[in-house]
Amino acid sequence: MKDILNYIGGKWVPAQGGETFANVNPHSGETLCQVAKSNTLDVSAAIASAQSVQESWMAKTAVERGDMGRAITVGMEQRKEEIASIVAEESGKIFDHAMGETQAAIEMGYFIAGEGRRNYGKTMEASMANRQVLTVRQPLGIAALIIASNTPIANVTWKAFPSMFCGNVSIMKPSEDTPGTAAIFAEICHEAGLPAGVFNVVQGLGADVGPALVSAPEVDLVSFTGGHKTGSVINRIAGERLAKVCLELGGKNALVVCDDADLDLAAKWIIASSFSNAGQRCAAASRIIAFSGIYDALREKVLSAMKNLKLGVEPGDDLGPVINQRQLDNMLSAIEGAKAEGADISAGGSRSAVHPGFYMEPTLIENVSAEASISQNELFGPITCLYKVESLDEAIALANNSEFGLTASIHTASLHRSMEYSRRVRTGVVVVNGGTHGSEPHMGFGGLKNSGTGWREAGAEALDVYSDWKYINLIHSPEKI
Ligand code: TXE
């Protein structure tokens with residue numbers, strides 16, 4: 001992989017301080033390339049570049065901006081193998097999974113491009129005669145797009161396409177763990193003829209460049225995907241200057257299995273939701289809640305399926321490494337903490353030596369209290385906990401016993417149980433007889449409590465994040481024929 005520079009004002013430039021950091025392959029632990037390690041000077045340069053084209057980009061019609069998004073998407077389609085390879089290499093994903101994510105990122109591009117010929121508003125009549133009102137979406141200005149590493153090309157396009165479509169000029173700060181994915185996206189934007197300065201990429205460590213980007217008075221919107229602790233810091237800093245903030249944060253998602261469920265189906269979805277992407281999904285199932293009558297039978301099915309999971313990044317493997325050493329260390333210490341609180345590690349629990357990279361064994365934990373830190377904290381790895389309940393009420397109370405509220409799933413043959421759970425569980429997404437993950441580009445996504453701040457990204461709902469409504473009142477007088 002070639003060294004990665006910043007993309008500012010349509011040019012590839014090194015960090016002004018001349019520093020770089022290593023882009024590491026989590027599967028092997030090897031350095032892939034060096035990356036521009038930016039500081040506040042680079043952030044200022046990106047802001048100046050964005051400002052220089054803000055008016056001209058805003059002046060484009062929604063159709064023109066949508067068509068530019070389609071040209072970029074076509075470019076992604078033409079280079080999708082290359083994109084997927086970069087995603088796979090720097091995030092430790094199996095190539096087919098990286099390609100699936102790339103395809104979803106492309107679908108997001110086509111979906112938002114289509115909004116160019118929709119972008120619907122409303123009209124309404126005033127109480128007085130000869131006064132008509134129409135609503136139009138208007139751009140916000142400069143958007144700071146700060147993203148995490150778990151699904152890198154999806155995280156790029158979930159923000160870049162709607163932000164650009166709505167008429168904003170954008171500065172993206174990719175995760176330091178997956179810099180190459182945003183870089184190839186910028187290359188494709190450049191090749192598609194996106195005007196210089198409309199989309200900029202500032203590479204670097206969150207602590208070095210994040211605060212400067214978030215606190216800059218020129219930045220009108222901060223859209224962030226990452227941990228709730230970082231999100232809270234961003235919300236405070238940007239909130240103090242009344243900037244618009246959209247936070248897509250973590251989850252501690254519950255998958256409930258009732259005593260009338262199809263246990264083979266439930267076990268299949270437990271494995272997929274808990275361990276695919278090495279559990280690095282905000283929508284991962286990290287709490288499995290089973291009715292006591294089927295607990296042992298379900299447990300056996302899950303444990304035997306876990307034994308067949310293959311770690312690695314080759315075709316046919318099931319899960320790769322976690323993204324970095326720090327995350328792996330966090331998980332291992334969380335497991336030690338759970339054991340200290342009396343939990344049983346029924347499978348896994350250690351670093352896997354199957355490959356030199358940051359591999360965590362798929363882990364199942366039992367006999368842990370709902371209040372234990374491992375029941376409450378998002379670990380973002382292939383670790384899930386199994387709980388026993390006697391009733392649907394108890395399952396719902398346990399599912400809601402979390403500071404997060406992103407997704408939830410229930411397995412049951414009962415329509416009433418599925419509707420009762422869907423109504424009462426405090427999350428943004430509910431799935432019946434499936435996994436806790438799996439939304440699509442045309443569906444809004446987001447959660448309650450520490451999972452978000454009320455916005456929904458993806459779907460047409462994303463336009464509400466990246467634009468504001470204007471109400472235009474037209475008063476016409478009969479005297480002025
Ligand atoms: O996210 P971080 P990380 C959760 C998950 C994970 C935890 C940490 O629980 O264990 O977050 O993961 C940038 N100002 N999720 O380290 O630290 C940083 O450089 C501005 C759930 O990946 O939040 C990166 O680009 N920016 C989530 C981005 O923020 C700052 C997906 C995310 O980093 C910053 C990922 C600062 N002060 C993690 N500090 C989901 N919803 O899926 C860091 N950053």
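Each ligand, and each atom within it, is numbered from 1 in the order the structure gives. Only heavy atoms go into these numbers, but all of them, side chains included; no hydrogens, no water, no symmetry mates.
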Considering distance alone, does some N or O of Thr225 sit under 3.5 Å from an N or O of ligand 1? no
Under 4.0 Å from atom 23 (O) of ligand 1, is there any protein heavy atom? yes
I need the single residue from Thr178, Asn25, Thr181 that forms a side chain to side chain donor-acceptor pair (under 3.5 Å) with Glu90. Which is it? Thr181
Within-cut-off N or O pair, Gly227 and ligand 1, under 3.5 Å: yes
Measure up the His442 and Phe111 rings against each other and bin them: parallel (under 30°), tilted (30 to 60°), perpendicular (over 60°). tilted
Tell me the nearest of Val222, Ile323, Ile147 to atom 28 (C) of ligand 1, using heavy-atom distances. Ile147
Can you classify the ring geometry of Trp12 versus Tyr7 as parallel (below 30°), tilted (30 to 60°) or perpendicular (above 60°)? tilted
Heavy atoms only, cut-off 4.0 Å: how does Gln203 contact ligand 1, side chain, backbone, both, or neither? neither
His97 side, atom NE2; Asp317 side, atom CG - distance, nearest 0.5 Å: 9.0 Å
Can you find a protein heavy atom under 4.0 Å from atom 33 (O) of ligand 1? no
Ile234 and ligand 1 - part of the residue with a heavy-atom distance under 4.0 Å: side chain
Is it true that Tyr359 and His27 have ring centroids separated by less than 6.0 Å? yes
Short list, please: which atoms of ligand 1 are under 4.0 Å from a heavy atom of Gly210? 14 (N), 20 (C), 26 (N)
Looking at ligand 1, is there an atom of it that comes within less than 4.0 Å of some heavy atom belonging to Pro174? yes
So is His228 touching ligand 1 or not, going by heavy atoms under 4.0 Å? no
Would Lys388 and Glu366 count as a salt bridge (charged side-chain N to carboxylate O under 4.0 Å, His left out) here? Give the steps. CA-CA 9 Å; Lys388 189 183 293 183; Glu366 296 182 82; over 6 Å; no
If you scan protein heavy atoms around atom 17 (O) of ligand 1, the nearest is Thr230 OG1, 3.5 Å
Closest protein heavy atom to atom 4 (C) of ligand 1, given as residue, atom name and distance to 0.1 Å: Glu378 OE1, 3.2 Å
Is there a polar contact, in the sense of an N or O pair closer than 3.5 Å, between Arg281 and ligand 1? no
Can you tell me which portion of Lys229 lies within the under-4.0 Å heavy-atom range of ligand 1? Options are side chain, backbone, both, or neither. neither
Between Lys244 and Asp468, is there a side-chain N and carboxylate O pair less than 4.0 Å apart? yes
Can you tell me which residue and heavy atom of the protein come closest to atom 3 (P) of ligand 1, and the distance to 0.1 Å? Arg326 NH2, 4.8 Å
Which ligand 1 atoms are under 4.0 Å away from a heavy-atom of Glu248? 41 (N)
Is Leu249 touching ligand 1 with its side chain, its backbone, both, or neither, if touching means heavy atoms under 4.0 Å apart? backbone
